[in-house]
Amino acid sequence: MTDPTSDSARIAAEPLLSLNAITKRFGSFTALSDVSLDLRPGEIHCILGENGAGKSTLCNLIFGVHRPDGGSMRYRGAPFQPSGPADSLAQGIAMVHQHFSLVGDMSVVDNVLLGRARGVLDRKACAAQLDRLAGEYGLPLDPLARIEDLSVGERQRVEIVKCLIRDPSLFVLDEPTAVLLPDEIAALLDVCRRVAASGRAVVLVTHKLAEIKQVADRVTVLRAGRVVATSDNPAAEIDALVRAMIQGSVEALDESTASMLGFEPVRHVDHGPAAVQPKAEVLQIDGLTVTDHQGVTRLDNFTLTVDRGEIVGVAGVEGNGQSELTAVLAGMMAPTQGRIYLGDQDLTGRSPREITAAGVGIVPEDRHAVGCVTGMSLAENIYLNRLDEFTRFGFLRRAALERDAAAMMQRFDVRARGPGAPFSSLSGGNQQKAVLAREITLPNLACLVAAQPTRGLDVGAVAAVYGHIRAACSRGVAILLVSSELDELLTVADRIVVLYRGQLMGACAADPSRREVIGAMMAGQPL
Amino acid sequence: MSWELFAVFLGSSIRLATPLLLAGIGEMVSERAGVLNMSIEGMMLTSAFAAAVGAWATGDPLIGLLIGIIAVQPVALLQAVLSNTLRANQIVSGIGINILVLGATTLAYREIFGARSRAEIPGLAKIKPPLLGDIPVIGSAVFEQVWLLYAGIALIVATALVLRYTSVGLAIHAAGAEPKAVDKSGLSVARIRYGCVLFAGLMASLSGAFLSIGDIHTFTEGMTRGAGYLAIASVIFGKWRIGGTVFACLLFGAATALQFQLPALGINVPNALLIMLPYLLALLAVGGLVGRQMAPAALGEPYRR
C-alpha cells in the first residue's frame with residue numbers, strides 16, 4: 001500500500017469485507033445463492049453480470065438495504081450484520097445507487113448535509129469541504145446550485161461527493177456509467193482509480209467490458225445469482241469472463257450483437273438491403289416542436305426522414321426530448337408545431353388508433369405505463385390493437401385468440417406459462433418481446449418506432465429483439481430506433497442522429513470510428 | 001371607513017386568522033414531510049371540545065388548554081399510523097377521522113352539558129404588549145389579543161428557523177420531496193413523518209383551544225365549521241412556504257372579518273354571501289393560482305422502501 005504505482009503492493013492481502021456463502025431470496029425467487037467474495041483495501045473490484053444476475057441485490061446486502069437469508073459477512077475481521085443503511089454508513093460503507101436519490105429542489109450542499117448534519121446547519125463549512133474534495137478527486141461542483149439545474153453527470157458527481165465526504169473505507173458504485181456521456185465515464189473511472197489509490201476498496205458494478213479492461217483489479221462474475229467466475233487479471237482474461245457471464249446464450253449471439261457488447265473487436269456490420277432498394281421516404285418529420293404544459297420546449301424544430309428499409313438511430317442522453325419525440329409519433333402528445341407524414345399521408349395530431357391503422361408500430365419507452373395492460377393475459381396483450389378481429393357478434397373468441405397468440409409466442413420466443421398467463425407474470429424481457437411481437441406484426445406495417453427496446457433485457461433477449469427489427473427492416477419497413485445505448489445504435493443502425501436539449505445536433509453514419517464525434521454531439525457540441 | 005373602524009377590522013382579522021395560522025403552520029410542516037393531514041379539522045374539533053370541557057370542569061382555562069393538547073395526540077397518532085405504518089389513503093383516512101370526531105364530540109357534548117348548553121366557560125386571558133399596545137387608536141383594537149396568539153407567533157417563527165437552518169428542517173423537506181434520499185442517507189422516513197404529524201396535531205390542538213376557550217368562551221357542535229379545510233387551503237395558497245401560508249391565513253381571516261364589518265359600514269350584502277367569501281377565495285386560490293408542481297413531490301404517498 002506504500003507504493004501506489006504497483007498494483008500488487010497497493011492492494012492489501014487482508015480483506016476489508018468478506019462475504020461467505022451468502023444467499024438471498026425474494027419469495028420463491030432466489031436472487032443470490034451461495035455467493036462468496038473478498039473485498040480488499042486498495043482494489044477496484046468489478047462485479048460483472050447481465051441484468052437480473054443479482055448485482056444490485058449484492059450491493060444492497062452490503063449496504064444493509066436487504067438482509068441475507070443465509071451465509072455471513074465479516075467486516076474488518078468482525079461479524080457484520082447491518083440492519084439498515086445507517087449501520088453500513090456508520091461502519092464506513094458508502095454507496096452510489098443505480099438510481100439517484102437526490103432532492104431536486106435542494107442545493108448541492110443541502111443534499112450533502114442530509115442525514116449527516118445534526119442541529120444547526122453549517123453550510124459554509126460544508127461548501128469548503130466540497131471544494132477540497134473537488135480538488136482532490138477532480139469533481140468540480142457548485143455547492144449552491146440546485147440539483148434540478150444540474151446535468152445527469154453533475155448529479156452523479158453530487159452522489160459521489162455525498163459518499164466521499166463520509167470518508168468511507170468501502171465505496172460501492174452500482175452501474176454508475178449507465179447514464180453518462182463517454183467523457184464523463186472516463187472521468188468517473190479516474191475518480192475510482194484515485195479513490196482506490198488512497199487505500200479504500202471500490203466495488204464497481206457494470207456490464208460494460210471496456211470499463212473492466214480499464215480499471216478492474218479483480219472481477220467477480222455473477223450469473224443467475226451465482227458466482228461463475230473470478231479473475232485476478234481481468235484485462236487478460238476478458239473473453240473467458242464474458243463467456244462465463246452469458247453462458248448458455250452465447251450460441252444465440254450473432255456477430256454484430258457480440259460486437260455490440262464489446263465481446264470481440266468492434267466491427268461495423270453492413271446491412272445491405274438499405275443500399276440495394278430504391279430510396280423512398282416513408283417517415284417524414286418536419287419541423288416538429290413540442291412545448292410541455294410548463295412552457296418548456298422539449299423538442300425544437302426537429303426534422304428527420306426515414307427511408308424504406310432504413311434503420312435510423314436517435315442517440316442522446318436521456319431526457320433530451322426522446323420521450324416527447326416517441327410520444328408525438330405515437331399520437332399520445334400533440335405537437336406545438338411541425339408535421340408528421342407517413343408516405344404522403346399526414347399523421348400530425350392523429351389519434352393513436354389512426355396512427356396504428358396507417359401502419360406505424362410503436363414500441364414505447366415505458367412498456368408498463370403505455371405498452372401493455374399488465375392485469376390482462378399475454379394473449380390479450382399480444383392482440384390488444386386487433387381484438388376486433390377475434391370478435392364475433394360482440395363476443396371475444398378466446399379459443400381463437402389464444403391459439404393465434406400461442407403461434408406468436410413460438411415465433412417471437414415469448415416464454416410464459418401459456419397464452420392465458422397474466423402479463424404481469426412474465427419477465428421484463430418476455431414482456432418486451434410480446435410488445436414487439438404485437439407491433440411488428442401489424443398487417444400493413446410501414447414504419448416502426450422503437451424506444452429503448454432493449455432496456456432491462458439480457459443478452460439473449462437483446463439479440464432476439466434486434467434480430468426481429470433487422471428482419472422487418474429487410475422487408476422494407478422504415479425503422480426509427482431511439483436508444484441511450486450508443487454501442488447498440490452503432491451496430492444496429494444505418495444512420496445516427498443526435499438529440500440534445502430537444503434539438504437535432506447532427507447526423508452521421510453509424511460507424512464506430514465516429515464514436516467520439518457522436519459523444520461530443522450528445523454533450524451539446526454541434527458537428 | 002374611519003380609523004377606529006379600520007383598527008377594529010384589523011384586530012378582528014388577526015383574531016379570526018389566528019386559528020388558521022396555528023393549524024395552517026402545523027399542516028404545512030406535515031405536508032412538507034409528505035403527509036397530507038386531512039384530519040386537521042377533526043383534531044381542531046377534538047381540542048376545542050376537550051379544552052372547553054377541561055376549562056369548565058376545573059375552572060382553569062390553562063388546564064383546559066393542556067387537556068385539549070393531550071386529547072388531540074391520540075387522534076394525531078391514529079392519523080400517523082394510518083398514513084405511515086398502514087399506508088392508508090391519506091385523504092380518505094383523514095376525512096374518516098373528521099366524521100368520527102364530529103360524531104363523538106357532538107354526542108359527548110350533549111351527554112355532558114345537556115340543557116346547560118349556554119354554560120359560561122372560563123377563557124384564556126388577553127394581553128396587551130407593552131409598547132405596541134400603547135399606540136393610540138390601534139393599540140387596544142389591534143394588539144390586545146389572547147396570549148395564545150403571541151405564543152403562536154413565537155412558535156411560527158421558531159418553526160421557520162428550524163425549517164431553514166437545521167438538519168431537522170432539511171430532513172423534513174427531503175422526506176416530502178424525495179423520501180428515498182432520506183432513507184439512503186440513514187435517516188428514518190417514518191420517524192420524520194410521525195414527528196411532523198404529531199407536530200401538526202399539537203398546532204391543531206392550540207388552534208382548536210383558541211376557538212373555544214380563547215375566542216368565544218363556549219363550545220358549539222361542529223364549531224370548527226371547515227376552519228381545518230381552510231388551513232389546508234392556505235398551505236396550498238401559500239405554496240408550502242411559511243410566509244405564503246401566513247399571508248393566506250391573514251387573507252382568509254380578513255375575508256371572514258369583512259362579514260362583520262360591512263354591515264357596520266351600512267353596506268348591505270346578503271350575509272350568506274359574506275359567509276361564503278373566505279371559502280370562495282380559497283377555492284379560487286387553490287383552483288386557479290397554484291400549479292401542481294409546487295407541491296412536495298411525494299405529498300400524500302406513503303413511503304415503501
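Fair warning: this is a prediction, and the values are worked out from it, not measured in the lab. Just so it is clear: chains get the letters A, B, ... in the order the sequence lines come, proteins before strands, and each one is counted from 1.
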Hey, are B:K180 and B:E178 close enough for a salt bridge, meaning a charged N less than 4.0 Å from a carboxylate O? no

Should A:R155 and A:E159 count as an ion pair when the cut-off is N to O under 4.0 Å? no

With chain B, which of A:N111, A:L113, A:L102, A:D87 has the greatest number of heavy-atom pairs at distances under 4.5 Å? A:L102

Could you check which of A:D110, A:D122, A:V65 has the highest count of heavy-atom pairs closer than 4.5 Å to chain B? A:D110

Check each atom of B:L187 against the heavy atoms of chain A and say whether the ones under 4.5 Å are side chain, backbone, both or neither. side chain

Checking heavy atoms, do the side chain of A:R123, its backbone, both or neither come under 4.5 Å from chain B? side chain

Check the surroundings of atom CE in A:M332: do more than 12 heavy atoms from other residues, nucleotides or ligands lie under 6.0 Å from it? no

Quick one: sort the A:H66 and A:F26 rings into parallel, tilted or perpendicular, breaks at 30° and 60°. perpendicular

